[in-house]
Amino acid sequence: MPEPIIRIDNIVKRYGPLTVLDGLSMEVMPGEKLALIGPSGSGKTTILRILMTLETISDGFIQVDGEQLYHVKKNGQLVPADERHLHKMREKIGMVFQHFNLFPHKCVLDNVTLAPILTKGMPRAAAEKRAMELLDMVGLADKAKSMPAQLSGGQKQRVAIARALALSPKIMLFDEVTSALDPELVEEVLNVMRKLAAETDMTMLLVTHEMGFAHDFADRVLFFDRGKIVEEGKPEDIFRHPKQERTQTFLRKIIAAGHRV
Ligand SMILES: Nc1ncnc2c1ncn2[C@@H]1O[C@H](COP(=O)(O)OP(=O)(O)OP(=O)(O)O)[C@@H](O)[C@H]1O
């Protein structure tokens, strides 16, 4: 039996007096495709940001790929990790955000090569070769010399996916990556994610309000409410036969709003 690639153990996240995650535990197996769904403010994005070390935790432990994320062992004791450790751990994880966050003054190719060259010291020629493969994979090889402002939202998001893949992460995090897109551009981004899910063995965690996509994409769906996992299971179970009342109410509202689940 393989070990989980992510093990979240009783974590707490507070912002001042507000407790956003309250003793949350979950495990993710290598290669698993996970969808995190639930009402606004339930803590889904916070989990991804914590895994990406963009936020710290107030309490608890997180293990990624066999190592503690926020702690290191010193004299047999777990102590807070230093920046070097966090940096090393961060390279295992890629993240794609709702608002692309491309570097506006760099062309598409430079957006994708920047991190491998700067943080991994990869030679430019090798970084560009890899970047062109990734741009080809997301269907944008012909846009390598374009500037972000010349691209549609869907194209920008596909560049952001290629950029996140450039450091060859084991884990990819997708935070509502289609929420800022015009409806007609959503599908081109979802198609890239379908392809990634089908053709790679990467572990993928997806926060989404696209229930139809979550249904098709995920091996397992976690329903969050108020900083806790209320229900989890296979997509067909969660979406067709939700057991918990809060899940049922949430899905009813989504269907009433005209979304496919
Ligand atoms: N930097 C911050 N400072 C204070 N509160 C924050 C901060 N970031 C998030 N929060 C609060 O934490 C809670 C959880 O936010 P989070 O973004 O994780 O929810 P979510 O489930 O992803 O919601 P959505 O679906 O709307 O993105 C919210 O109440 C939010 O207002």
Side-chain angles (χ1 to χ4, degrees), residues 6 8-28 33-62 64 69-70 86 90 93-101 153 156-157 160-161 164 171-183 186 189-190 193 203-215 217-218 220-233 235 238-239 242 244-261:
I6 299 172
I8 293 176
D9 188 8
N10 214 8
I11 59 164
V12 175
K13 173 66 185 172
R14 292 187 206 96
Y15 290 109
L18 179 72
T19 301
V20 177
L21 300 173
D22 190 8
L24 184 96
S25 298
M26 60 186 259
E27 291 186 344
V28 186
K33 317 293 181 244
L34 218 64
L36 279 54
I37 64 164
S40 215
S42 55
K44 309 177 300 290
T45 292
T46 303
I47 283 283
L48 298 195
R49 292 179 59 82
I50 285 172
L51 285 169
M52 198 63 201
T53 71
L54 297 170
E55 303 283 350
T56 55
I57 44 178
S58 312
D59 205 353
F61 293 98
I62 301 181
V64 172
L69 181 58
Y70 284 104
L86 291 177
R90 224 173 272 143
I93 306 176
M95 184 159 173
V96 185
F97 301 85
Q98 183 177 357
H99 296 289
F100 332 127
N101 302 354
K156 281 184 201 159
Q157 196 57 301
I161 293 174
I171 301 166
M172 279 284 280
L173 310 175
F174 298 90
D175 188 15
E176 293 180 33
V177 294
T178 57
S179 302
L181 298 179
D182 291 334
V186 167
V189 173
L190 296 185
M193 292 168 65
T203 307
M204 296 167 76
L205 271 66
L206 167 79
V207 168
T208 187
H209 291 283
E210 300 263 344
M211 297 303 143
F213 182 65
H215 182 283
F217 166 92
R220 187 155 57 102
V221 177
L222 305 181
F223 176 72
F224 277 71
D225 197 14
R226 290 173 235 164
K228 288 201 186 314
I229 298 168
V230 173
E231 187 166 357
E232 66 173 284
I238 295 283
F239 289 118
Q244 301 298 325
E245 198 183 324
R246 276 193 267 169
T247 322
Q248 292 164 357
T249 310
F250 173 76
L251 291 173
R252 253 201 312 273
K253 279 192 194 147
I254 294 272
I255 292 168
H259 296 288
R260 179 174 80 89
V261 299

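Every number for a ligand or one of its atoms is a count from 1 in the order of the listing. Every heavy atom of this structure was used, including side-chain atoms; hydrogens, water molecules and symmetry mates were not.
Looking at Thr46, Ile37, Leu54, Val20 and measuring to atom 13 (C) of ligand 1, the nearest heavy atom belongs to Val20. When the heavy-atom distances from atom 11 (C) of ligand 1 to Leu36, Asp225, Leu18 are ranked, the shortest goes to Leu18.
When only non-hydrogen protein atoms are considered, atom 3 (N) of ligand 1 lies nearest to Tyr15 CD2, 3.4 Å. Closest protein heavy atom to atom 17 (O) of ligand 1: Thr45 CB, 3.5 Å. In this structure, atom 25 (O) of ligand 1 lies nearest to the protein heavy atom Lys44 NZ, 2.9 Å. Among all protein heavy atoms, the one lying closest to atom 23 (O) of ligand 1 is Gly41 N, 2.7 Å.
Look at Gly43 and you'll find a heavy atom under 4.0 Å from some atom of ligand 1.
Per-residue contacts place Ser42 under 4.0 angstrom from the following atoms of ligand 1 (heavy atoms of the residue considered): 19 (O), 20 (P), 21 (O). Those atoms of ligand 1 that come under 4.0 Å of a heavy atom in Pro39, given as number and element, are 21 (O). Within ligand 1, counting atoms from 1 as listed, the ones closer than 4.0 Å to a heavy atom of Ser40 are 23 (O), 24 (P), 25 (O), 26 (O).
Without hydrogens or angle criteria, Lys44 side chain to Pro39 main chain gives a donor-acceptor distance under 3.5 Å. When atom types are taken as modelled, the side chain of Gln244 and the backbone of Glu231 share no donor-acceptor pair closer than 3.5 angstrom.
Between the CG atom in Asp175 and the CG atom in Leu36 there is a gap of 9.5 Å [rounded to 0.5 Å]. Note that CE of Met52 is 15.0 Å distant from CD1 of Ile47, once rounded to the nearest 0.5 Å. Atom CZ of Phe224 is separated from atom CD1 of Ile37 by 10.5 Å, given to the nearest 0.5 angstrom. Atoms CZ and OG1, on Arg14 and Thr56 in that order, are 11.0 Å from each other to the nearest 0.5 Å.
Distance check on atom 30 (C) of ligand 1: every protein heavy atom falls at or beyond the 4.0 Å cut-off. Protein non-hydrogen atoms do reach within 4.0 Å of atom 20 (P) of ligand 1.
Counting heavy atoms from C-beta on, the side chains of Phe217 and Met204 come closer than 4.5 Å. Annotation: side chain of Ile8 is not in contact with side chain of Ile50 (no heavy-atom distance under 4.5 Å).
In summary, of the residues considered (Val96, Leu48, Val207), a side-chain contact (heavy atoms from CB on, under 4.5 Å) with Glu176 occurs for Val207 alone.
Inclusion of Glu176 in the set of residues having an N or O under 3.5 Å from an N or O of ligand 1 is warranted.
Only the side chain of His209 comes within 4.0 Å of ligand 1, counting heavy atoms alone; its backbone N, CA, C and O stay farther away.
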